[in-house]
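What follows is a single structure, written as structure tokens, with notes after it.
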Amino acid sequence: SERYNARDSEPRWQAAWDEKAIFVSKNDDSRPKYYVLEMFPYPSGRIHIGHVRNYTLGDVLARFMRAKGFNVLHPMGWDAFGLPAENAAIERKVAPKAWTYDNIAAMKKQLRSIGLSLDWSREIATCDPSYYKHQQKMFLDFLREGLAEREKRKVNWDPVDMTVLANEQVIDGRGWRSGAVVEQREMNQWVFKITKYSQELLSALDTLDRWPDKVRLMQRNWIGRSEGLLIRFVLDAATTPAGESELKIFTTRPDTLFGAKFMAISADHPLAVAAAAKNPKLAEFIAEIKKIGTAQEIIDTAEKQGFDTGIRAVHPFDPSWKLPVYVANFVLMEYGTGAIFGCPAHDQRDLDFVNKYNLGNTPVVCPEGQDPKSFVITDTAYDGDGRMINSRFLDGMTIEAAKEEIAKRLENEMRGNAPVGERQVNFRLRDWGISRQRYWGCPIPVIHCPKCDVVPVPDSDLPVKLPDDATFDKPGNALDHHPTWKHVTCPKCGGKAQRETDTMDTFVDSSWYFARFTDPWNENAPTTPEVANRMLPVDQYIGGVEHAILHLLYSRFFTRAMKATGHIALDEPFAGMFTQGMVVHETYQKADGTYVQPAEVKIEVGGNDRRATLLATGEAITIGPIEKMSKSKKNTVDPDDIIETYGADVARWFMLSDSPPDRDVIWSDERVQGASRFVQRLWRLVNESAEASKGAPAARPASFGADALALRKAAHGALDKVTTGIERLHFNVCLAHIREFANSLSEVLQRPGQPAADLAPDLGWAIREAGTILVQLFSPMMPHLAEECWRVLGQRGFVSEANWPQIERDLLVEDTVTLVVQVNGRKRGEVTVATAAQNPEIEAAVLALDAVKLALDGKPVRKVIIVPKRIVNVVG
Ligand code: ANZ
Ligand code: ZN
């Protein structure tokens with residue numbers, strides 16, 4: 001037979017699948033549903049190799065579940081709003097809409113060339129009014145339900161992109177896209193009230209047992225629940241500005257109260273403002289520390305700084321004990337009460353602070369086994385377990401008991417008509433600010449009227465469409481600059497009013513697209529609840545770990561908010577979550593440090609040495625570390641090139657083969673070529689099996705000889721392992737089993753003295769069965785090759801539509817055996833070893849058993865007698 005020609009075969013099968021619409025899923029399908037979703041792409045213009053990996057993983061699962069008889073929903077769409085479209089408009093004078101849709105067209109073509117089993121009939125683009133219309137409707141629903149609000153907020157302002165950034169979009173104090181130093185500004189912002197669900201979003205993580213533990217942990221930390229105590233400290237009147245009399249703090253460590261050395265308040269705290277009014281030096285200090293902003297990273301890394309206000313606070317358990325009140329740069333107004341007491345011995349930040357201002361420290365928790373007298377703290381705070389010391393009535397207690405004791409005493413002590421202490425649960429999670437001062441986003445459907453204030457756009461006026469004729473010749477929000485767009489009449493009073501020109505954070509767009517996919521045809525509502533409730537949750541969601549916090553948390557919130565507003569009836573959108581690793585590649589550098597592309601480099605391997613030279617000039621190239629593919633390091637490979645050279649199946653096979661899908665995979669040309677050779681090998685193998693089994697009976701023989709039976713065992717063994725492997729997403733393991741099985745089949749076909757004509761009928765039948773199973777096993781990974789092979793085997797229809805083969809369980813070889821273990825003739829236990837295990841291996845396993853060691857009681861082993869498959873007797 002001829003070589004397999006992917007370039008000819010792949011487009012042909014893609015067209016055939018399309019024509020028969022075999023991947024289109026129907027909502028009235030009565031089979032059980034299975035929803036596979038990969039995170040939809042941003043239409044940047046080109047697919048990158050990470051996409052190929054992401055979509056291949058999902059595609060294998062989708063194809064497999066389809067073969068298993070599920071009504072598989074596997075849709076695709078475009079996360080199409082965002083800044084790059086506006087940047088393109090500025091740089092290339094092309095309208096954001098045109099740029100985006102051109103990119104979508106180009107990328108769709110690329111996605112098709114990968115051979116993905118996608119249901120394109122459900123394609124959505126979030127920038128399309130037919131999509132964002134429903135998002136606007138939900139915004140108004142949320143507004144009515146108190147889940148959306150307008151709020152004055154301190155925000156991160158990117159002075160280059162001229163927009164507000166979420167905290168997560170500020171990296172090391174700079175805008176994630178512009179790289180500009182971010183400023184703090186007070187602005188009116190629209191927020192979604194995600195904090196209404198803090199506890200629920202936290203608790204429900206326990207039910208998501210098909211999510212990676214690390215992702216759940218990241219979400220837990222992000223939500224950041226802490227249980228603590230609010231304590232009202234009395235301020236010493238002689239030192240305190242008029243009108244102020246107490247300071248309320250939040251602490252999670254009330255047990256450390258006797259180790260307190262100072263109080264600290266945020267620069268925005270009312271007490272700081274009051275004190276600064278009388279103290280210009282303090283006002284200056286406050287202005288200075290406010291410059292560094294509120295981004296968490298900055299606060300964590302900046303040097304601790306404080307200013308003594310001169311105010312003194314009274315210790316709640318000792319009226320004569322006065323603590324200095326500082327304004328400090330590490331206390332945030334947005335958390336707790338914006339004020340703390342500092343206990344340096346047991347908190348690193350506090351320790352750094354007192355060491356700078358010479359306030360000293362007193363340890364109050366002593367580790368078990370340590371002599372309290374010799375327990376001193378210098379540079380490292382102790383935050384571990386132990387017993388209370390230096391703490392009067394708490395001495396000797398555990399931390400937990402001491403916390404409880406303080407809480408009880410302060411709860412029961414009244415000052416005025418309120419208790420001095422009050423238990424409180426705090427969350428780190430903040431409400432989600434969704435206002436962006438950008439053109440290319442979903443318009444927020446409200447109108448500002450000088451008389452009526454904020455007026456929702458009536459449902460009948462939705463969508464509020466973006467104008468197509470915006471201009472981008474000056475910085476800032478093009479909606480704001482537009483000559484007419486924002487000028488409207490108030491729907492309430494009919495007077496002159498203005499549209500809101502903020503658009504929504506693009507994370508809003510991606511927080512519900514999975515629900516829209518269930519019925520993208522509904523023009524009247526975001527979802528058809530009956531359908532959405534049936535098709536959701538997504539059974540398997542697949543994407544990068546970089547979205548482990550925000551996108552997933554926002555989607556979880558949105559699902560709850562959609563439930564509260566009647567669009568859906570479930571809480572959790574993603575039953576299974578999988579985070580795939582990256583595609584990485586080594587880097588190549590010239591002597592002058594500039595990077596060069598892999599394609600420009602020649603690699604020579606000699607022993608353990610790899611040498612690289614530049615193809616064009618022969619100059620030496622330094623092989624650098626393996627890193628995430630990036631344009632700046634030039635270590636990228638272009639999916640189009642790979643598909644053009646080797647075909648999509650090879651790219652898919654390579655992506656799945658080398659490492660478990662949750663780990664990084666190292667791109668290697670050699671291994672891609674290996675995958676390419678394997679494709680040809682499978683092709684020959686299937687052709688040879690078809691040839692060899694040509695004369696075999698159609699009906700299953702009544703009995704099978706040893707050779708046929710061995711082959712059938714190999715086939716069903718592989719089937720079994722690949723089936724469970726795919727279910728567990730252990731794709732690399734599946735591929736190894738497929739290779740092994742191909743070897744077994746190939747051995748049978750190459751056995752000398754077996755010309756096809758003389759082949760025993762049972763063996764011929766078994767070869768045909770093996771060939772068929774082999775093709776089905778690799779069909780989820782290499783669907784084009786599989787279709788071509790399916791025809792060679794004389795099968796009709798598409799392998800993509802065939803049912804997954806039935807496993808014959810009685811053919812599954814026992815591959816372990818359990819032996820009774822005796823010591824001096826008495827049974828001491830059992831050992832399970834591989835059937836193929838040799839005596840030394842069995843002996844080692846037996847002697848390692850605790851029961852055997854115990855029975856031997858230190859005596860040397862004289863002899864080990866092994867009765868194959870039954871008993872091991874140790875003589876000592
Ligand atoms: C005294 C103390 C002693 C504290 C000690 C810790 C250790 P989590 O767990 O994150 O909730 N804190 C409270 N409000 C703060 C604010 N607005 N800005 C900065 N820090 C603040 O942290 C709670 C702890 O963080 C609180 O407990 C408080 O310091 C500090 F050995 O109180 B602690
Ligand atoms: Zn009005």
Side-chain angles (χ1 to χ4, degrees), residues 154 198 220-231 233 247-269 271-272 289 294 296 298-300 302 304-306 313 315-316 323 326-354 361-366 377 380-386 388 390-391 399 402-403 406-407 421 423-430 446-458 487-499:
K154 200 149 70 165
S198 298
R220 243 175 233 127
N221 290 340
W222 189 261
I223 296 169
R225 180 184 201 270
S226 25
E227 284 176 21
L229 202 63
L230 286 175
I231 304 178
F233 280 67
L247 182 60
K248 206 178 202 180
I249 64 97
F250 173 71
T251 178
T252 49
R253 294 294 305 272
D255 54 302
T256 64
L257 205 46
F258 290 104
K261 291 292 166 190
F262 65 96
M263 315 289 295
I265 59 179
S266 157
D268 296 313
H269 195 282
L271 185 60
I289 63 170
T294 60
Q296 191 68 50
I298 310 190
I299 288 163
D300 291 345
K304 311 287 164 275
Q305 286 187 63
H315 194 283
L323 292 152
Y326 281 75
V327 172
N329 64 345
F330 60 88
V331 183
L332 307 168
M333 197 55 219
E334 289 75 23
Y335 188 68
T337 61
I340 64 163
F341 78 82
C343 174
H346 304 291
D347 183 283
Q348 192 60 45
R349 270 179 332 190
D350 296 351
L351 185 62
D352 295 344
F353 190 78
V354 294
N361 78 72
T362 308
V364 290
V365 177
C366 183
I377 300 281
T380 311
Y382 176 71
D383 62 4
D385 240 336
M388 303 310 300
N390 303 326
S391 294
I399 293 177
K403 279 183 182 171
I406 297 280
R423 292 177 213 249
Q424 196 187 47
V425 173
N426 263 329
F427 293 91
R428 291 244 154 231
L429 187 63
R430 297 286 80 129
V446 300
I447 289 164
H448 299 280
C449 170
K451 271 203 231 136
C452 321
D453 200 18
V454 173
V455 183
V457 172
H487 303 291
V488 287
T489 51
C490 170
K492 232 179 185 171
C493 71
K496 274 194 183 164
Q498 291 205 340
R499 281 195 191 289

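Every number for a ligand or one of its atoms is a count from 1 in the order of the listing.
- For atom 18 (N) of ligand 1, the closest heavy atom belonging to the protein is Leu332 N, 3.0 Å.
- The backbone N or O of His448 lies less than 3.5 Å from no partner atom in the side chain of Gln498, so there is not a single donor-acceptor pair.
- Annotation: angle subtended at the Zn ion (ligand 2) by Cys449 SG and Cys452 SG is 110°, to 10°.
- Of the heavy atoms in Phe330, only backbone atoms (N, CA, C, O) come closer than 4.0 Å to ligand 1.
- In terms of protein heavy atoms, atom 23 (C) of ligand 1 is closest to Thr252 OG1, 3.5 Å.
- Gln424 CD to Leu229 CG: the interatomic distance, rounded to the nearest 0.5 Å, is 9.5 Å.
- In terms of protein heavy-atom proximity, atom 8 (P) of ligand 1 is nearest to Ser226 OG, 3.6 Å.
- Taking each of Arg349, His269, His346 in turn, the one with a heavy atom nearest to atom 25 (O) of ligand 1 proves to be Arg349.
- Residue contacts with ligand 1 leave out Gly336, since none of its heavy atoms falls under 4.0 Å from the ligand.
- When only non-hydrogen protein atoms are considered, atom 6 (C) of ligand 1 lies nearest to Asp347 OD2, 3.5 Å.
- Near Phe250, the atoms of ligand 1 lying under 4.0 angstrom from a non-hydrogen atom of the residue are 13 (C), 26 (C), 28 (C).
- The aromatic rings of Phe353 and Phe330 sit perpendicular, their planes meeting at an angle over 60°, well past the 30° parallel limit.
- Remark: minimum distance from atom 21 (C) of ligand 1 to any protein heavy atom is reached at Ile340 CG2, 3.4 Å.
- With a 4.0 Å heavy-atom cut-off, ligand 1 is reached by no atom of Glu334.
- When all heavy atoms of Leu323 and Ala260 are compared, the closest pair comes out as CD2-O, 3.7 Å.
- Of all atoms in ligand 1, listed by their number and element, those nearer than 4.0 Å to a heavy atom of Phe341 are 1 (C), 32 (O).
- Counting only distance, with no hydrogens or angles, the side chain of Asp350 and the backbone of Cys343 share a donor-acceptor pair below 3.5 Å.
- Put simply, the side chain of Glu334 reaches to within 4.5 Å of the side chain of Lys154, judged on heavy atoms.
- Some N or O of Thr251 is nearer than 3.5 Å to an N or O of ligand 1, by distance alone.
- In summary, the atoms of ligand 1 found under 4.0 Å from a heavy atom of Arg428, numbered by their order in the structure, are 8 (P), 10 (O), 22 (O).
- In summary, the atoms of ligand 1 found under 4.0 Å from a heavy atom of Val331, numbered by their order in the structure, are 16 (C), 17 (N), 18 (N), 19 (C).
- Residue Leu247 is tested with Ile340, Thr337, Ile265 for a side chain to side chain contact (heavy atoms under 4.5 Å, CB included); the sole match is Ile265.
- The side chain of Thr256, and not its backbone, has at least one atom closer than 4.0 Å to an atom of ligand 1 (non-hydrogen atoms only; side chain from C-beta on).
- Side-chain contact between Met388 and Val365 is present, with at least one heavy-atom pair separated by less than 4.5 Å.
- Put simply, CG on Asp453 and CD1 on Ile447 are 12.5 Å apart, with the number rounded to the nearest 0.5 Å.
- Side chain of Asn390 to backbone of Pro363: a donor-acceptor contact under 3.5 angstrom is found.
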